[in-house]
Each structure stands twice: as structure tokens, then as C-alpha cells.
Amino acid sequence: MRAQLARVDAVLVQAVIAAALSFAHLHDVASAAGQDGWKAWAYPVSVDLLLVAAWRRLRTGDAKAAGWCWFVIALVASLGANVATAGLLDLDQVPAWLRILVAGWPAVAFLGGTLLAHSAPAPHKETEDQEDVPEVVPELPAQPAPEPTPAPPAVSVPAALVEHARKVAAEHQTRTGTVMDTPTLRARLGVPAPMADAIAAQL
């Protein structure tokens, strides 16, 4: 565990030293190109932020081509400043092309950071394939039509029986003051239930 922490600490220290030196070199180049004050310090910040944004895009796995493109651009800017301040460039007499590059860097960094931060990731192929496949609806077997319920056979009631039932119902209403119901009519006449219903329908 301690050996692992020692390796991590060594890597972090090396990264901090490299970042500080590169930061200072970028500041010196920007200052020599005419960007004084806080503007000279903003240049190394923009380069480092672009490097971080490109590295994050490479780690996510989406749009790696754009991530590598802007990572290389920011890395070239950082390495160029390191090489330029190593004695190969006279910082007292900066050439015009370098002044143009330094003056145009903010627009380049803004464009790269915006594209890396706000570009939408491409949809996964599996999702596209699922959207292209039409939904298959299983066909249910046809249900047989229900058989019609047979109508009850018509009951033939003699006219004399209907007339007799009227007399019985009238007597019942006179005596009780209520209309005779079908069960009572059936009991009084002694007929089956279907015939009692047919007689009650004719009363």
C-alpha cells in the first residue's frame, strides 16, 4: 500500500512540475507577443483547460476523432511555448507570425472548448437497430362465434282458459284490492309455469 502511494505521489509531483513549467512558458510567450498583465496569464489557463476538455472527451469514448484533434492542437501550443522559450526564440524580437498565432488563440480555444463541451454523443447502434425493427403483433386465433340461445317455444293458451283466468284475477283483486301475481295465478289455475306466464301476458 505504501509503495503504491509512493508511486502515485511521484506521478503527481511530476505532473505538477511539468504543468507549472509549461504554464510559465506559455505566459512568457504571450507576454513577449504583446499580451501583458492578466491577459498573459489567461493564455496558459485556456491551453490547459482545452487539454483537460479533450482528455475528458477521449475518456468518455464518444467522438474520439474530435477529442484527439483538439488534444493535439492544445499539446502543440504547449510544446511550442516550451521549445520557443528554450533559447530558440528571441523573446525581445518576436516574429509577426507568432504574434498572429497568439492573438488568434483565444478564438481557437473558445471554438474547441465549445465543441468538446456541447457536442451531442452519437446514438448507439443497438438503439438505432431497435428503432428500425417494426414491432410484430402476434395474431390471436379467431374465437368461434357464440351460438344463439334458442328462444323458448311458444305456449298455446286456449281462449276459454284465458277468460277463466280473467275472472279469477278480477275476483282476487276485488277481494284483496291487489293485482294477482303470476305465481298466485299459477297456483289457482294449476297450470305449468310457462303457461302461467303466457296467460299473465294476456291479462
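In this text, all values refer to a predicted model and were calculated from it rather than measured experimentally.
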**Student:** To check you understand the geometry: which heavy-atom pair defines the closest contact between Tyr43 and Ala103, and what is its length?
**Tutor:**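 The answer is OH-CA, 4.0 Å.
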**Student:** Show the nearest heavy-atom pair for residues Leu51 and Leu75, with the distance to one decimal.
**Tutor:**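 Of all heavy-atom pairs spanning Leu51 and Leu75, the closest is CD2-N, 3.7 Å.
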**Student:** For a 4.5 angstrom cut-off between non-hydrogen side-chain atoms, does Phe110 reach Leu115?
**Tutor:**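 Contact flag for Phe110/Leu115 side chains = no.
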**Student:** Transitively linked via ILVMFWY side-chain contacts under 4.5 Å: Val76 with Trp55?
**Tutor:**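 No, because Val76 and Trp55 fall into different hydrophobic clusters, even though each may have its own neighbours under 4.5 Å.
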**Student:** Looking at every heavy atom in both Gln35 and Ala40, which two are closest together, and how far apart are they?
**Tutor:**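 Heavy atoms of Gln35 and Ala40 come nearest at O-CB, 3.0 Å.
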**Student:** Tell me the closest heavy-atom pair linking Leu26 and Ala81, and the distance in Å.
**Tutor:**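 Closest approach of Leu26 to Ala81, heavy atoms only: CD2-CB, 3.3 Å.
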**Student:** Tell me, do Arg59 and Arg56 make a side-chain contact under 4.5 Å, heavy atoms counted?
**Tutor:**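 No. Closest side-chain heavy atoms not under 4.5 Å.
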**Student:** Do Trp38 and Val45 belong to the same hydrophobic cluster, where Ile, Leu, Val, Met, Phe, Trp and Tyr are linked whenever their side-chain heavy atoms lie under 4.5 Å apart, directly or via other members?
**Tutor:**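 No, Trp38 and Val45 fall in different hydrophobic clusters.
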**Student:** Which heavy-atom pair separates Ala74 from Val47 by the least distance, and what is that distance?
**Tutor:**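 Scanning both residues completely, I find the closest heavy atoms to be O-CG1, 3.6 Å.
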**Student:** So, Asp28 versus Ser31: side-chain donor-acceptor pair below 3.5 Å or not?
**Tutor:**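 Per modelled atom types, Asp28 and Ser31 side chains form no pair under 3.5 Å.
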**Student:** Quick check for you: to the nearest 0.5 Å, what is the distance between Asp181 atom CG and His172 atom NE2?
**Tutor:**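 One gets 6.5 Å once the value is rounded to the nearest 0.5 Å.
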**Student:** I need the minimum non-hydrogen distance between Gly112 and Leu50, along with the two atoms involved.
**Tutor:**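 Answer, listing the atom of Gly112 first, then Leu50: C-CD1, 3.8 Å.
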**Student:** According to a 4.5 Å side-chain heavy-atom criterion applied to Ile, Leu, Val, Met, Phe, Trp and Tyr, with indirect links allowed, do Ile100 and Trp105 form part of one hydrophobic cluster?
**Tutor:**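 In one cluster: no.
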